[in-house]
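Remarks on the structure that follows.
Nothing fancy with the numbering, it's 1 onward along the sequence. Counting starts at 1 for both ligands and their atoms, in listed order.
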Amino acid sequence: MNPKTLETLRKAGIRVHLQSERQLFAATDHDLDLVFTRAADIPGFVAEGVVDLGITGLDVLRESGVENVVEVRDLGYGACRLVVALPEESPLRGQPLPTGTKVATSFPRIARAHFASRGLDVHVIQVSGATELTPHIGVASAIVDLVSSGSTLAMNGLVEEEEILRSSARLLANPEALRSKSVEIARLAAQLDSVVQAEGKRYVMANVPASRLEEARRILPGLNGPTILEVAQPGMKAVHAVVAERLVNETLERLQAIGAQGILVLPIERLVA
Ligand code: AMP
């Protein structure tokens, strides 16, 4: 079970009754029972109607080749990219891979489809792990693998040549369940949406001199502009706004520069715009 999935469910207000990480089933305090299984099995279970809904990565869904599922939501987390990479010193860099080039990957279906779409006749070799090692031990000349920060590629002397797919966690539904349980699934999707919307955002509160309110408005564009409230302190107004996490430090400095006081930065669990 991906801890981020449990965290997302918890933030969406769904309490999961889980005693041990090795548990394969769990009840929730909602009309929802959970089954934990290998990521690669999830698309098939959803397609067959074994479960109504599943959460797994787009990379896993595409690699499964399963078609009888509906992608209900992009949940945003688990973001990664599937890329073609070569050793830094490879003579194959910067050109289409020659016929017969050995490419190691644990995503053979996606890799084959990608190279075929480019008209390249490479030899895809399926491995189940440590893909980054394969060019260094003579298994392959190139790899197709997932990259998140890029540090694993760099540590293994590899460089990205081409991006094949951008992936993240998806909420998948069985098409029949989507029809017969549309209200319940829409409700759950809306609950999860509110968590996804809050991701990477903070709530900033500050008291600013009333005379600098226009500047505060420009610093805190917020969703619909900042909320402005009266405060007991004469000549001051309270401003509240949702701010992207990456802009918080800059925002605080700009607020201080216009005389803001009592600045608070709060986490946001859920946001419904
Ligand atoms: P990084 O060093 O952050 O680029 O991560 C790369 C390593 O983590 C590779 O071995 C990938 O197979 C694995 N990885 C990165 N992102 C994901 C993901 N979202 N799901 C599964 N494996 C991942």
Problem - Selected option - heavy-atom contact closest to atom 15 (C) of ligand 1, from S168, A154, S148 - result: S148
Handout entry: Option set A169, C80, A79, G78, criterion heavy-atom distance to atom 16 (N) of ligand 1, minimum
Key = C80
Applying a heavy-atom cut-off of 4.0 Å, say which part of [X] lies close to ligand 1: side chain, backbone, both or neither.
| X | result |
| --- | --- |
| S149 | both |
| E132 | side chain |
| T131 | neither |

Exercise for the section: Might you work through the side chain to side chain contact (heavy atoms under 4.5 Å, CB included) test for L172 and I55, ending with a clear yes or no? Expected result: CA-CA 6 Å; L172 310 177; I55 297 178; over 6 Å; no
So does [X] pair up with [Y], basic N to acidic O under 4.0 Å?
| X | Y | answer |
| --- | --- | --- |
| R81 | E160 | yes |
| E214 | R217 | yes |
| R212 | E215 | yes |
| E162 | R118 | yes |

Which ligand 1 atoms are under 4.0 Å away from a heavy-atom of [X]?
| X | result |
| --- | --- |
| T152 | 1 (P), 2 (O), 5 (O), 6 (C), 7 (C) |
| G150 | 1 (P), 3 (O), 4 (O) |
| V147 | 4 (O) |
| S151 | 2 (O), 4 (O) |

Practice task
Answer yes or no: are there more than 12 heavy-atom neighbours, outside Q95 itself, under 6.0 Å from its atom CD?
Solution key: yes
Handout entry: More than 12 heavy atoms of other groups within 6.0 Å of K181 NZ
Key = no
Handout entry: Shortest protein contact, atom 12 (O) of ligand 1 (heavy atom only)
Key = D145 OD1, 3.5 Å
Practice task
Do me a favour and list the nearest non-hydrogen protein atom to atom 11 (C) of ligand 1 with residue, atom name and distance?
Solution key: L146 O, 3.3 Å
Problem - Sub-4.0 Å protein heavy atom next to atom 22 (N) of ligand 1 - result: yes
Problem - Side chains of S168 and R170, donor plus acceptor under 3.5 Å - result: yes
